[in-house]
Amino acid sequence: MMSKIQLIPYFNFQGRAREALEFYQQVLGGTLELYSIDEKGTAKPASPDERISHGRLDADGAVIFASDGHPSYPPGVGDNMAIALAGTDKDRLTQAISGLAEGGKIKAPLMEQAWGSEVGWLTDKFGINWMVTIDKA
């Protein structure tokens with residue numbers, strides 16, 4: 001059986017992720033998960049007053065990822081959206097990030113995160129932002 005990977009739009013709402021994702025949930029329905037990160041870097045469900053480090057709306061297979069971004073690094077035009085490539089096939093996704101980076105620029109190499117996934121960012125040669133996430137199988 002072949003492992004699956006997903007392409008998911010990823011938005012930086014610069015402080016408005018909760019508002020945006022709750023709006024999309026009203027329109028599309030589905031399940032909404034909102035996480036923040038504690039002082040140790042561990043993901044936890046976000047309380048109403050916390051910044052969103054990772055949000056996920058899953059509406060019958062239509063998936064949106066989002067975050068509040070970092071307040072000190074507001075995104076420029078075009079940097080507020082990326083395509084997230086996610087899955088558990090480490091070899092396939094490692095090859096994908098290398099291939100997508102050819103002629104482009106790695107912004108953050110694949111690095112293990114506090115929650116156990118490896119995440120990397122890049123801009124491809126066409127100016128498209130990508131986030132690659134390798135989840136534990």
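Treat the numbers as computed from the prediction; the structure is a model and nothing was measured.
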Work out which heavy atom in [X] is nearest to a heavy atom in [Y]; give both atom names and the distance.
X    : Y    : result
A96  : L85  : CB-CD2, 3.7 Å
S36  : P45  : OG-O, 4.2 Å
L93  : T88  : CD1-N, 4.2 Å
G41  : A114 : O-CB, 2.7 Å
L34  : R18  : CD1-NH1, 3.4 Å
L110 : I134 : CD1-CD1, 3.8 Å

Within 6.0 Å of NZ in K125, more than 12 heavy atoms from elsewhere: no
More than 12 heavy atoms from other groups under 6.0 Å of CG on D49: yes
Rounded at 0.5 Å granularity, tell me how far [atom1] in [X] sits from [atom2] in [Y].
X    : Y    : atom1 : atom2 : value
E118 : D135 : CD    : CG    : 10.0 Å
T133 : Q6   : OG1   : CD    : 10.5 Å
N12  : N129 : CG    : CG    : 10.5 Å
I128 : L100 : CD1   : CG    : 11.0 Å
R56  : S67  : CZ    : OG    : 15.0 Å
E112 : K136 : CD    : NZ    : 6.0 Å

Other ILVMFWY residues reachable from I37 by side-chain steps of under 4.5 Å: I8, Y10, V63, F65, W115, V119, W121, M131
Keeping the roles fixed (side chain from [X], backbone from [Y]), state whether a donor-acceptor pair exists under 3.5 Å.
X    : Y    : result
Q113 : M111 : yes
T94  : K90  : yes
T123 : K105 : no

Same apolar cluster (I L V M F W Y, side chains within < 4.5 Å links), I64/Y35: no
M81-W130 co-clustered via ILVMFWY side chain contacts under 4.5 Å: no
Which donor-acceptor pairs under 3.5 Å do the side chains of residues 68-77 make with protein atoms, sequence neighbours left out?
{"residue": "D68", "atom": "OD1", "partner": "G15", "partner atom": "N", "Å": "3.4"}
{"residue": "D68", "atom": "OD1", "partner": "R16", "partner atom": "N", "Å": "3.2"}
{"residue": "D68", "atom": "OD1", "partner": "A17", "partner atom": "N", "Å": "2.9"}
{"residue": "D68", "atom": "OD2", "partner": "I52", "partner atom": "N", "Å": "2.6"}
{"residue": "H70", "atom": "ND1", "partner": "S72", "partner atom": "N", "Å": "3.0"}

Could you tabulate the donor-acceptor pairs under 3.5 Å formed by side-chain atoms of residues 20-33, not counting sequence neighbours?
{"residue": "Q25", "atom": "NE2", "partner": "G30", "partner atom": "O", "Å": "2.9"}

